[in-house]
Amino acid sequence: MNKNIAVILGDGIGPEVTQQSIKVLDAIGRQFKHTFEYSYGLMGADAIDKTGNPLPDETLETCLKSDAILFGAIGHPKYDNDPTAKVRPEQGLLRIRKELGLFANIRPVTTYPSLHHLSPLKNTRLEGVDFIIFRELTGGIYFGDKNLSEDGNQASDNCVYNRSEIERVAHLAFQSARQRRKMLTLVDKANVLETSRLWRKVVQQLSSQYADVKVDYMFVDNAAMQIILNPKQFDVILTENMFGDIISDEASVIAGSLGLLPSSSVGSKLALFEPIHGSYPQAAGKDIANPIGSILSAAMMLDYFGMLKEAAMIREAVGWTLGNSLVTKDIDPINFYFTSTIGELVTDYIINPDHQKINKHNVELRKSTII
Ligand code: IPM
Ligand code: MG
């Protein structure tokens, strides 16, 4: 197969982690006889610095011509503490979601036994944790009318949802539940918010089309607590934009490192794949960031292309690195490997049909000696 991938390296550690995914995709291409072609576009602080615009039109055009988008990270501290800044890197990400109609953000939360010690939760709470969050991504309070009064002393953000926005993401979540443990939890605030009551009504109605899926409903404040107390109880979580933003960051720490988790943002025609971590500016250019979140996002992209064996191969290679303590500094601050080395190790595993033969000595040589 031949696929055109739009690549947006973005800010901070975005470029260095995305480059590892490209190495890995090329290795998959070589092993499975696919051709991946890459076209690059700017977005975020990088794009503001170079063009004044957080999402130049050329980037959107490049994305529209592609089969999928691979994205690094967004954000720069120089914009974070200035509430008066007119242009912000994040506007690029919000606009690309809206313009490309990427209405569902999908974040799987998986735990690895070899990393249980890094999780803030006790081991007994971690075994068997495997859930996936479907977050609505192009509606709600993020995109409703915003107002600031003339005297600057009153502000409002409007939260609006309509039935079709809820239905399209709910269908994806129900379909995913069908392939999994057949449980779906709608997270909302229906005791207070009118939009949440509409979500409940629509999801209740849709549930009759998915009679094999058990649906339950949970208020977001309780869900925030349950994700920590008993994360095993969840299979598929469905929620609106803002609640999804918050609980998906909360859920991400369960795995032990934010650097491990991938995500996809899908629409009816296109999809974008990105690690869930941010731009981590303090680490930019140091070759120490964890590329696994990005590499697993590339695996999600292959699933989206229908290349299931190929995606499984990436996950197997990642499992091999984590299981053999071939990890970056966020996971092991003393015996760590560099970002680029992890990319090479995952690549070696994929192109080496007999994985046992990977030369352990060479692997050792690539370990950092910097403490
Ligand atoms: C995310 C991020 C974004 C969001 C920011 C960068 C605008 O936190 O993808 O979760 O709030 O959606
Ligand atoms: Mg977020």
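All values below come from the heavy atoms of this structure, side chains included, with hydrogens, waters and symmetry mates left out. Both ligands and their constituent atoms are indexed starting at 1 by order of listing. None of these values were measured; they are calculated from a predicted model.
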Practice prompt. Under 4.0 Å, heavy atoms only, figure out whether ligand 1 is touched by the backbone of Gln91, its side chain, both or neither.
Written response: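 Near ligand 1, Gln91 shows nothing, with every heavy atom at 4.0 Å or more.
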Worksheet item: Taking non-hydrogen atoms only, is His277 closer than 4.0 angstrom to ligand 1 via side chain, backbone, both or neither?
Response: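 The answer is neither.
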Identify whether the distance between the nearest side-chain nitrogen and carboxylate oxygen of [X] and [Y] falls below 4.0 Å.
X      : Y      : answer
Asp235 : Lys182 : no
Lys146 : Asp157 : yes
Lys65  : Glu61  : no
Lys189 : Asp221 : yes
Asp303 : Lys309 : no

Worksheet item: Can the ring centres of Phe338 and Phe336 be said to be less than 6.0 Å apart?
Response: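 Centroid distance Phe338-Phe336: below 6.0 Å, so yes.
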Out of all atoms in ligand 1, which are within 4.0 Å of some heavy atom of [X]? Include the element for each.
X      : value
Arg97  : 1 (C), 4 (C), 9 (O), 12 (O)
Glu90  : 6 (C), 7 (C)
Tyr142 : 4 (C), 11 (O), 12 (O)

Worksheet item: Do you know which of Leu326, Thr341, Val24 makes side chain to side chain contact (heavy atoms under 4.5 Å, CB included) with Val346?
Response: Val24
Worksheet item: Only one of Lys23, Gln20, Glu16 forms a side chain to side chain contact (heavy atoms under 4.5 Å, CB included) with Pro291, so which one is it?
Response: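 Checked Lys23, Gln20, Glu16 against Pro291; only one passes side chain to side chain contact (heavy atoms under 4.5 Å, CB included): Gln20.
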Worksheet item: With a cut-off of 2.8 Å, how many protein N, O or S atoms neighbour the Mg ion (ligand 2)?
Response: 1
Practice prompt. For atom 2 (C) of ligand 1, find the nearest protein heavy atom and state the residue, atom name and distance (0.1 Å precision).
Written response: Asp245 OD1, 4.0 Å
Discussion item. Once you measure the plane-to-plane angle for Trp199 and Tyr161, does it fall in the parallel (<30°), tilted (30-60°) or perpendicular (>60°) bin?
Written reply: perpendicular
Item to complete: Classify the angle between the aromatic ring planes of Tyr38 and Phe36 as parallel (below 30°), tilted (30 to 60°) or perpendicular (above 60°).
Response: tilted
Worksheet item: Taking distance alone, with no angle check, do Glu274 and ligand 1 share an N/O pair under 3.5 Å?
Response: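 In fact, backbone or side chain, Glu274 has no N or O that close.
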Discussion item. Any heavy atom of Met242 closer to ligand 1 than 4.0 angstrom?
Written reply: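 No, that is not the case, since the closest heavy atom of the residue is not under 4.0 Å from the ligand.
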